[in-house]
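Proteins get letters first, then strands, A, B, ... in listed order; numbering begins at 1 in each. Computed from a predicted structure; not experimentally measured. These values consider heavy atoms only, across backbone and side chains, with no hydrogens, waters or symmetry-generated copies.
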Amino acid sequence: MNFRPIHPGFFEKPTLELAEKLLGQYVVHEHPEGVIAAKIIETEAYMGAEDRAAHSFGNRKTKRTEIMFGKAGLVYTYQMHTHTLMNVVSGPIGIPQAILIRAGEPIAGEDLMQKFRGNISRKDWSNGPGKLAKALDVTMNYYGHHWSEQPLFIAEGPGISEVEIGPRVGIQNTGEAVHYPYRFSEKGHPMVSKYR
DNA sequence: CCTTCGATGGGCT
DNA sequence: GCCCATCGAAGGA
């Protein structure tokens with residue numbers, strides 16, 4: 001399959017709209033060993049200064065979060081325990097919002113995805129943010145890269161049938177933010193992550 | 001199917 | 001020294 005990076009203007013949308021429109025697009029990694037691609041089926045929006053669950057809550061700017069203040073479409077990777085998580089920076093420059101890519105469906109390079117994920121069943125290759133990054137072999141080296149440029153980019157995909165919207169998962173000690181409807185997924189897809 | 005729990009390392013105060 | 005935007009194994013039903 002032949003994938004082309006989406007145009008940079010795609011990322012210049014209100015963050016909640018972009019989070020929804022990323023569903024059904026492809027994440028593509030032109031890896032030295034071959035092309036790996038997954039269809040995005042789950043995202044979460046982090047709304048910056050007013051969102052207690054966001055790393056940039058209160059406009060906190062550190063070496064880790066500074067990329068969130070940059071232009072839409074930049075890659076924000078960060079480490080959670082032993083895992084890498086992939087985000088799309090969103091919103092105008094100076095507004096530190098981002099979208100976490102939480103799950104994907106294998107589309108291309110499945111031999112490599114299996115190699116990077118080890119000896120587990122296909123349905124568990126990329127049904128979580130850390131798993132997806134590992135299946136694509138995306139590392140912290142891509143911090144600050146842009147999602148419209150090779151070798152790691154978003155490509156236009158087929159879209160999804162129906163969207164489901166609900167509260168984000170895995171966050172805690174964030175008060176009301178726990179209930180915000182900032183999680184978007186393809187309704188009924190078997191590889192949407194199942195965390196509480 | 002479900003829930004619980006330990007490993008784990010970087011970021012931040 | 002504490003806090004996680006996680007994962008996978010283990011154990012129960």
Side-chain angles (χ1 to χ4, degrees), chain A residues 11 15-16 18-20 22-23 27 38 40-70 72-91 95-106 113-145 147 154 164-186 188-196:
Chain A
F11 299 101
T15 297
L16 295 177
L18 180 58
E20 183 168 339
L22 280 168
L23 297 175
V27 203
I40 299 170
I41 57 171
E42 183 180 1
T43 60
E44 279 179 1
Y46 287 83
M47 296 301 283
E50 298 81 36
D51 181 359
R52 281 188 62 185
H55 294 153
S56 54
F57 175 64
N59 282 319
R60 186 168 51 173
K61 195 173 197 173
T62 66
K63 183 166 185 176
R64 179 173 67 152
T65 64
E66 63 181 348
I67 201 69
M68 295 179 76
F69 292 80
L74 287 169
V75 175
Y76 172 34
T77 46
Y78 84 98
Q79 298 284 141
M80 169 47 100
H81 301 290
T82 56
H83 308 282
T84 302
L85 276 64
M86 303 183 294
N87 294 256
V88 180
V89 172
S90 182
I95 306 294
Q97 302 176 338
I99 297 157
L100 171 67
I101 304 176
R102 276 198 66 87
E105 173 189 331
M113 296 180 96
Q114 178 158 48
K115 173 183 167 183
F116 296 135
R117 291 288 291 122
N119 185 26
I120 60 171
S121 69
R122 181 190 137 98
K123 66 178 168 46
D124 292 323
W125 286 353
S126 51
N127 58 344
K131 302 179 199 181
L132 177 61
K134 189 164 185 189
L136 290 161
D137 198 27
V138 170
T139 66
M140 287 300 295
N141 292 337
Y142 283 106
Y143 182 95
H145 176 78
W147 280 111
I154 302 295
E164 180 165 11
I165 303 177
R168 294 171 292 187
V169 298
I171 56 177
Q172 39 192 301
N173 297 327
T174 55
E176 279 301 303
V178 168
H179 307 295
Y180 296 164
Y182 290 168
R183 181 189 193 213
F184 303 85
S185 61
E186 176 170 348
H189 196 292
M191 296 181 76
V192 170
S193 70
K194 290 169 184 65
Y195 273 64
R196 43 172 209 282

Return the value, rounded to whole Å, for the distance between atom CG of A:Leu85 and atom C1' of C:dC4.
11 Å
Could you state the NZ-P distance from A:Lys134 to C:dC7, rounded to the nearest angstrom?
11 Å
Taking only residues two or more places apart in sequence or in another chain, which ones pass side chain to side chain donor-acceptor pair (under 3.5 Å) with A:Arg60?
none
When rounded to whole Å, the NZ to P distance for the pair A:Lys123 and C:dG8 reads 11 Å
Under the 3.5 angstrom rule, does the side chain of A:His81 hit a backbone N or O of A:His83 as a donor-acceptor pair?
no
Residues that A:Glu186 engages under salt bridge (charged side-chain N to carboxylate O under 4.0 Å, His left out), provided they are two or more places apart:
A:Lys39
Can you sort out the partners of A:Arg64 under salt bridge (charged side-chain N to carboxylate O under 4.0 Å, His left out), two or more places apart, ordered by chain and number?
none
State which residues pass salt bridge (charged side-chain N to carboxylate O under 4.0 Å, His left out) with A:Lys123; sequence neighbours excluded, sorted by chain then number.
none
Whole angstroms only, please: what is the NE2-P distance between A:His83 and B:dG6?
17 Å
Residues which pass salt bridge (charged side-chain N to carboxylate O under 4.0 Å, His left out) with A:Asp51, listed by chain and number, not counting sequence neighbours:
A:Arg168
note: A:Asn119, atom CG; C:dC7, atom P; distance rounded to Å ~ 19 Å
Check every strand shown and say whether A:Asp124 touches a base, only sugar-phosphate, or nothing at a heavy-atom separation below 4.0 Å.
nothing
Pairing of DNA chain B as dot-bracket, 5' to 3': ( ) intra-strand, [ ] crossing, | other strand, . unpaired, with Watson-Crick or G-U pairs under 3.5 Å?
|||||||.||||.
d(CG, A:Asn173; P, C:dA5) in whole Å
9 Å
Residues which pass side chain to side chain contact (heavy atoms under 4.5 Å, CB included) with A:Pro96, listed by chain and number, not counting sequence neighbours
A:Ser56, A:Asn59, A:Met68, A:Phe69
Under the ring pair (Phe, Tyr, Trp, His ring centres under 6.0 Å) rule, collect the residues that match up with A:Tyr46, sequence neighbours excluded.
none
Please state how far atom CD1 in A:Ile171 lies from atom C1' in C:dC3, giving the value in whole angstrom units.
15 Å
Report all interatomic pairs (protein N or O, nucleotide N or O of nucleotides 9-13 of chain B) with separations under 3.5 Å.
| residue | atom | partner | partner atom | Å |
| --- | --- | --- | --- | --- |
| B:dG9 | N1 | A:His81 | ND1 | 3.2 |
| B:dG9 | N2 | A:His81 | N | 3.4 |
| B:dG11 | O3' | A:Arg64 | NE | 3.3 |
| B:dC12 | OP1 | A:Thr62 | OG1 | 2.5 |
| B:dC12 | OP1 | A:Arg64 | NE | 3.3 |
| B:dC12 | OP2 | A:Thr62 | OG1 | 3.2 |

Would you say A:Lys131 reaches C:dG8's phosphate, i.e. side-chain N/O to OP1/OP2 under 4.0 Å?
yes
Please list all pairs passing the salt bridge (Lys or Arg N to Asp or Glu O under 4.0 Å) test where one or both residues lie in residues 171-185 of chain A, with sequence neighbours left out.
A:Glu42-A:Arg183
Could you go through nucleotides 9-13 of chain C and list every protein N or O atom that sits under 3.5 Å from one of its N or O atoms, giving the distance for each pair?
none

What's the shortest heavy-atom distance between A:Trp125 and A:Pro106, and which atoms?
CE3-CG, 3.9 Å
Remember a base hit wins even if backbone is also touched, and classify A:Arg117 as base, sugar-phosphate or nothing at under 4.0 Å, heavy atoms.
sugar-phosphate
Could I get the full list of side chain to side chain contact (heavy atoms under 4.5 Å, CB included) partners for A:Tyr142, not counting sequence neighbours?
A:His29, A:Val75, A:Val138, A:His145, A:Pro151, A:Leu152
In this structure, how many angstroms lie between the C1' atom of C:dA5 and the CD atom of A:Gln97, rounded?
16 Å
